[in-house]
Number of protein chains: 2
Amino acid sequence: MTDTPPPRTWQAIRAEVLARIRHRRWPPGTMIPNEADLALEFGCARATVNRALRDLAESGVLDRRRKAGTRVAEAPVRRAVLSIPLIRDEVAALGQPYGYALLSRALESPPAPVHASLALPPDTDALHIRALHLAGGTPFALEDRWINPAAAPGALEADMTTLSANEWLVRHAPFTEGRLSFSAIAADAATAAQLGCAPGTALFRLDRSTLDGTRPVTVAQISYRPGYRLDMVI
Amino acid sequence: MTDTPPPRTWQAIRAEVLARIRHRRWPPGTMIPNEADLALEFGCARATVNRALRDLAESGVLDRRRKAGTRVAEAPVRRAVLSIPLIRDEVAALGQPYGYALLSRALESPPAPVHASLALPPDTDALHIRALHLAGGTPFALEDRWINPAAAPGALEADMTTLSANEWLVRHAPFTEGRLSFSAIAADAATAAQLGCAPGTALFRLDRSTLDGTRPVTVAQISYRPGYRLDMVI
DNA sequence: ATCCATAATATGTCTATACATAATAAACCC
DNA sequence: GGGTTTATTATGTATAGACATATTATGGAT
């Protein structure tokens, strides 16, 4: 019986707590012992228990409130983490050569919804960029982007014929927050022509907007080729 | 000059580091000072700096490697966190009454791909459930689910006419991991009929599979009504 | 009984110190 | 020089102790 002493790392404690939840020793809704007691039981410092429980709370397995204590989440609103890669990397991950083609680039008056979401002053133009991302020579995604020139200094002068606008922005325009919205749309005639599919084909669409503080920097609409899937791991 | 001393909380330090990155004092690719030096500069303990930098690394802003140090991520592979609520909660968030209708429920032989992804023994049946989620009386999402009975004890006996299979599983079947996959599909005739839309309509689809350890528990295909959007915040 | 101040309590965080671990740089040998 | 061993270094983590903070429970006054 060479019983190796149980490792008292925070990961080990997290695993142990998770096991007790899974095995229904602590069913959903249960209050679990407080940190001090658990530290005593596991023979470690309270900070170590805290680290483990905090991690589980972040992933939605536990609910924690000061003074109230820690309980196993009733309906585990699981949180999935999505890494949003550059399309270049996404294509590379498929093992295909990446290509980029600038379709159009103009400083022009945006449609009302775009004007509003960029919070532009009245009668102000924005930089409109349309581009095609290619995987192994075939269309992968169509990007339709509007950039607020005031929020992205240098964008008007930047050469975007070889580098995608997204990559340029990532490197040159600071941004703090953003919103993503996924949906399914039917391909309109123009999009279908660019992506080489029939009009009406169901396409996966990503609408993305990014802010620098409170100032909108850019909004983009990305239509992926038919069959595209976005994968996440819980 | 009642200058309030700068708070030396880890959040404050995270904010300060983030500001330096945004203001290009530490541009992408830069190595930033090590924890000990930053702790000295900010006048706090190294553990506090560690907490702040770890948090930024988790959100993809920093790259950290032992001995190598900490650098500002070149291409900020931003990580977005998606909370996956129960459909019931999703509908409730829209301010509409939730409804649930079980369409069919049978122990039957699954198609080959489902059989494979549930890792069933040869010639084994699985529990097949089809159900409609309603928002304010109109169809919201169509769920097509297969459950591995061996991995979800009690599922065969459970009454799923009032409670959705997903909710039953969440409460009764332990699971540890899962995969999510989002895509856009054209509605087939059966789905269109249930959702009350025209065949061929572009629909947002979620494919979900959950495991208990390494054992597959269930796979589900959820087709949302036309116009559905999934929002995330970076 | 109701309302309000106060005490009690569990989590949240900071500090200082120590050791572990991974990865690089330097020293070394052949 | 090429390859291997040995420091060195920055992050990763554990610990004990302390105080902060948010909430709940309690007790008292009205």
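Computation of the quantities below employed the complete heavy-atom set of this structure, encompassing side-chain atoms and omitting hydrogens, waters and symmetry-equivalent molecules. Convention: sequence-line order gives letters A, B, ...; per-chain numbering from 1.
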Trainee: Would you check if the side chain of Arg64(A) reaches a backbone N or O of Thr70(A) as a donor-acceptor pair within less than 3.5 Å?
Mentor: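 It does not hold such a pair.
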Trainee: So which one's nearest nucleotide on DNA chain D is more toward 5', Ala36(B) or Trp10(A)?
Mentor: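 It is Ala36(B) whose nearest nucleotide is closer to the 5' end.
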Trainee: Looking only at side-chain N and O atoms, does Arg64(A) come under 4.0 Å of OP1 or OP2 in dG12(C)?
Mentor: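 Yes, such a contact exists.
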Trainee: Would you say His115(A)'s side chain and Pro121(A)'s backbone share a donor-acceptor pair under 3.5 angstrom?
Mentor: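 It does hold such a pair.
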Trainee: Tell me the interatomic distance from Phe42(B), atom CZ, to dC14(C), atom C1', rounded to whole angstroms.
Mentor: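 For the pair Phe42(B) CZ and dC14(C) C1', the rounded distance is 16 Å.
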Trainee: Where does the chain B footprint on DNA chain D start and end, counting 5' to 3' with a 4.0 Å heavy-atom cut-off?
Mentor: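 Footprint of chain B along DNA chain D, 5' to 3': dT8(D) to dT13(D).
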Trainee: Compare side-chain N and O positions of Thr70(A) against OP1 and OP2 of dT11(C) and report whether any pair is under 4.0 Å apart.
Mentor: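 So the side-chain polar atoms of Thr70(A) do come within 4.0 Å of the phosphate oxygens OP1 or OP2 of dT11(C), strictly under.
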Trainee: Search all heavy atoms of Ile147(B) against all heavy atoms of Ala155(B) and return the closest pair with its distance.
Mentor: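 Smallest heavy-atom distance, with atoms named: CG2-CB, 4.3 Å.
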Trainee: What salt bridge (charged side-chain N to carboxylate O under 4.0 Å, His left out) pairs are there with at least one residue in residues 54-63 of chain A, not counting sequence neighbours?
Mentor: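 Residue pairs with at least one partner in residues 54-63 of chain A: Arg14(A)-Asp55(A).
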Trainee: Sugar-phosphate atoms are those with a prime plus P, OP1 and OP2; base atoms are the rest. Using that split, label each nucleotide of nucleotides 16-26 of chain C B, S or - for protein heavy atoms under 4.0 Å, 5' to 3'.
Mentor: --B--BBBB--
Trainee: In this structure, how many angstroms lie between the C1' atom of dT11(C) and the CG atom of Leu53(A), rounded?
Mentor: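 The answer, rounded to whole Å, is 10 Å.
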Trainee: Does the Thr218(B) side chain pair with the main chain of Trp146(B), one donor and one acceptor, at a distance under 3.5 Å?
Mentor: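 Flag set: sc Thr218(B) to bb Trp146(B) pair under 3.5 Å.
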Trainee: Are any of the side-chain heavy atoms of His133(B) and Val91(B) separated by less than 4.5 Å?
Mentor: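 The answer is no, as the side chains (C-beta and beyond) never meet within the 4.5 Å cut-off.
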Trainee: Donor-acceptor pair, distance only, cut-off 3.5 Å: does the side chain of Ser183(A) make one with the backbone of Tyr228(B)?
Mentor: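 Absent.
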Trainee: Taking OP1 and OP2 of dT13(C), is either one under 4.0 Å from a side-chain nitrogen or oxygen of Thr48(B)?
Mentor: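 Checking dT13(C) against Thr48(B), no side-chain N or O comes under 4.0 Å of OP1 or OP2.
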Trainee: Evaluate side-chain hydrogen bond (donor to acceptor under 3.5 Å, both in side chains) for Asp159(A) paired with Thr161(A), printing each intermediate quantity in order.
Mentor: CA-CA 6 Å; Asp159(A) 173 34; Thr161(A) 52; 2.6 Å; yes
Trainee: For Arg51(B) and dT11(C), give me the distance from atom CZ to atom C1', rounded to whole Å.
Mentor: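 Roughly 12 Å, once rounded to whole Å.
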Trainee: Using whole Å, report how far CG of Asp55(A) lies from C1' of dG12(C).
Mentor: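 Result: 16 Å.
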Trainee: Has the side chain of Arg24(A) got a donor or acceptor atom that lies under 3.5 Å from a matching backbone atom of His172(B)?
Mentor: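 It does hold such a pair.
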Trainee: Taking only N and O in the side chain of Asn50(A), is any of them less than 4.0 Å away from OP1 or OP2 of dT11(C)?
Mentor: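 Answer is no, no contact under 4.0 Å.
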